[in-house]
Amino acid sequence: MQSTLPLPDTDALAHSEQLAAALRDEIRAQGGAIPFSRFMELCLYTPGWGYYSAGASKFGAGGDFTTAPEMGGLFAATVANALAPVFGQLGPQARLLELGGGTGAFAEALLLRLAELQALPARYAILEPSADLRQRQRERLQQNLPAEIGGSVEWLDRPFDDDWEGVVFANEVIDALPTPRFVIQAGEVYEETVALDADGQFVRATAPADMLLNGAVRHLERYLDTPFADGYRSELLPQLPYWLQAVAGGLKRGAMLFVDYGYNRGEYYLPERDDGTVRAFYRHHVHNDVHLWPGLQDITASVDFTAMAEAGLHAGFDLAGYCSQASFLLGNGLDQVLALADERTDDVGRVQLREEVKKLTLPSGMGERFQVIGLQRDVDFEPSFELGDLSWRL
């Protein structure tokens with residue numbers, strides 16, 4: 001696989017080797033192996049070295065992948081259409097918490113559209129672990145937003161810890177949560193670990209699963225009404241309910257909206273998907289060698305949206321709806337947003353806008369691969385999912 005990928009430059013490889021050395025040290029200190037979830041966590045979030053902690057460009061043509069907000073403003077403006085009625089129900093004290101702000105493109109387009117709809121929240125907070133991305137977000141929003149709008153934006157190190165009302169939003173965040181991996185051996189549940197071979201290279205290994213992981217896998221089998229076959233390997237997030245409660249914090253009234261690639265549980269754990277969904281992104285190449293070049297590539301896993309619904313119910317929310325990204329955008333006025341954007345650009349811009357719509361909505365783009373789930377507490381968020389609601393499939 002490595003031979004098909006563009007090679008990092010000398011400085012990048014040296015950076016990766018520093019993190020790899022730290023990983024080897026931890027593996028040896030832990031007796032020869034660490035859980036895959038710990039390996040993923042260190043690769044992505046080690047201060048100074050991790051993929052999301054270092055300063056390399058990640059988004060857009062010069063990065064490793066392109067997210068919907070980075071394509072243009074249509075995605076965020078349409079999300080604003082969906083959220084405006086919620087802010088209308090909550091009133092002027094409402095807040096919005098965005099998890100992982102990317103380059104700031106989403107916040108910029110969303111706030112401008114909410115201003116047009118007269119539905120601006122009192123506070124717009126971005127929970128961003130990367131100091132480098134925080135700086136890029138600040139610079140972008142200071143440059144592109146009017147002061148009366150940009151003044152509501154703040155950056156947090158942790159979710160709100162007081163009682164509040166508003167909206168939590170995350171696009172392509174859950175796929176980057178460090179995930180345990182499991183494998184079935186002789187009918188028993190084992191956890192995938194990362195060990196070292198004789199040459200010090202990272203390799204797969206296994207260890208007996210702890211009670212939390214074992215219980216979570218058995219829950220999946222009961223839900224699916226069939227045991228996993230020997231050799232079946234995949235991932236799950238038993239900590240997801242605790243994570244969801246943590247990011248919601250003291251949210252007493254409002255909604256949560258998550259967009260990511262994934263499946264309902266029945267599709268996620270199909271018998272033929274017997275090596276799970278974990279993969280790596282490097283310079284717009286997708287591949288399966290997640291041990292390669294620590295710190296230089298994104299490592300992700302698809303989202304089990306049934307687990308998201310369960311976590312939301314466990315946290316005291318109701319399910320507002322679940323649908324494909326295409327259905328969500330089309331059902332929340334993408335055509336109106338496109339018409340407004342057409343009026344503000346030239347012929348070249350209109351061609352680009354239509355390419356953006358295709359990427360966002362066609363099955364060959366993001367339209368069916370990405371799913372949207374909404375949770376609600378004492379507000380009515382269900383109208384945003386009226387087109388193509390697939391909640392029955394969860």
Side-chain angles (χ1 to χ4, degrees), residues 35-37 40 170 173-192 206-248 256-279 300-325 327-328 368-377 381-382 385 388-394:
F36 173 81
S37 58
M40 182 175 174
V173 169
I174 302 165
D175 63 80
L177 295 178
T179 179
R181 296 258 290 164
F182 70 88
V183 60
I184 305 299
Q185 296 179 348
E188 299 297 324
V189 181
Y190 285 78
E191 182 169 14
E192 181 177 313
T206 58
D210 62 19
M211 290 182 62
L212 181 62
L213 182 60
N214 184 82
V217 173
R218 297 311 186 197
H219 169 72
L220 291 180
E221 292 179 318
R222 288 192 296 272
Y223 186 98
L224 299 168
D225 198 28
T226 184
F228 291 115
D230 269 5
Y232 193 92
R233 188 183 301 259
S234 193
E235 55 282 327
L236 51 74
L237 284 166
Q239 72 272 33
L240 186 60
Y242 312 104
W243 177 87
L244 190 71
Q245 292 182 60
V247 297
M256 306 179 79
L257 182 64
F258 300 98
V259 184
D260 225 311
Y261 43 82
Y263 314 93
N264 65 64
R265 180 165 292 157
E267 294 174 345
Y268 197 110
Y269 296 105
L270 287 170
E272 57 267 30
R273 191 171 282 123
D274 58 2
D275 198 36
T277 70
V278 166
R279 57 224 187 259
T300 76
S302 295
V303 175
D304 173 0
F305 279 93
T306 304
M308 285 297 303
E310 290 176 342
L313 296 174
H314 186 267
F317 290 82
D318 296 320
L319 178 64
Y322 163 70
C323 63
S324 69
Q325 178 173 290
S327 292
F328 185 81
E368 300 298 327
R369 290 190 299 113
F370 280 72
Q371 312 296 313
V372 184
I373 192 168
L375 303 168
Q376 62 187 19
R377 174 181 283 165
F381 193 28
E382 293 182 14
F385 293 88
D389 185 24
L390 298 173
S391 297
W392 57 274
R393 297 185 65 183
L394 295 172

Original post:
Aromatic ring centroids of Y322 and F385 under 6.0 Å?
Top reply: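 Between Y322 and F385, the centre distance exceeds or equals 6.0 Å.
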**OP:** For this output row, return yes or no: ring centroids of F182 and F228 closer than 6.0 angstrom.
**Re:**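 Ring centroids of F182 and F228 are less than 6.0 Å from each other.
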Decide yes or no for [X] and [Y]: does some side-chain heavy atom of the first lie under 4.5 Å from some side-chain heavy atom of the second?
X    : Y    : result
P180 : P238 : yes
M40  : V278 : no
V303 : L237 : no
W392 : L390 : yes
L319 : L375 : yes
L257 : F381 : yes
F370 : F328 : no
V189 : R218 : yes

Measure from the side-chain N and O atoms of [X] to the backbone N and O of [Y], and report whether any donor-acceptor pair falls under 3.5 Å.
X    : Y    : value
E235 : T277 : yes
Y232 : R273 : yes
D275 : R233 : no
T206 : E191 : no
E382 : Q376 : no

[X] to [Y] - nearest heavy-atom pair and separation:
X    : Y    : answer
M256 : A248 : CE-CB, 4.0 Å
Y269 : L224 : CB-CD1, 3.7 Å
S234 : G276 : OG-CA, 3.6 Å

Original post:
Is it true that the side chains of T306 and Y268 contain a donor and an acceptor less than 3.5 Å apart?
Top reply: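 Short answer, no.
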Original post:
Around atom NE2 of H219, are there more than 12 heavy atoms of other residues, nucleotides or ligands at under 6.0 Å?
Top reply: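 More than 12 heavy atoms, drawn from other residues, nucleotides or ligands, come within 6.0 Å of this atom.
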Subject >> More than 12 heavy atoms of other groups within 6.0 Å of Y223 OH >> reply: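 Yes, OH of Y223 has more than 12 neighbouring heavy atoms, counting only those of other groups under 6.0 Å.
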**OP:** Check the pair D175 / R279 against salt bridge (charged side-chain N to carboxylate O under 4.0 Å, His left out), numbers first and verdict last.
**Re:** CA-CA 10 Å; D175 63 80; R279 57 224 187 259; over 6 Å; no
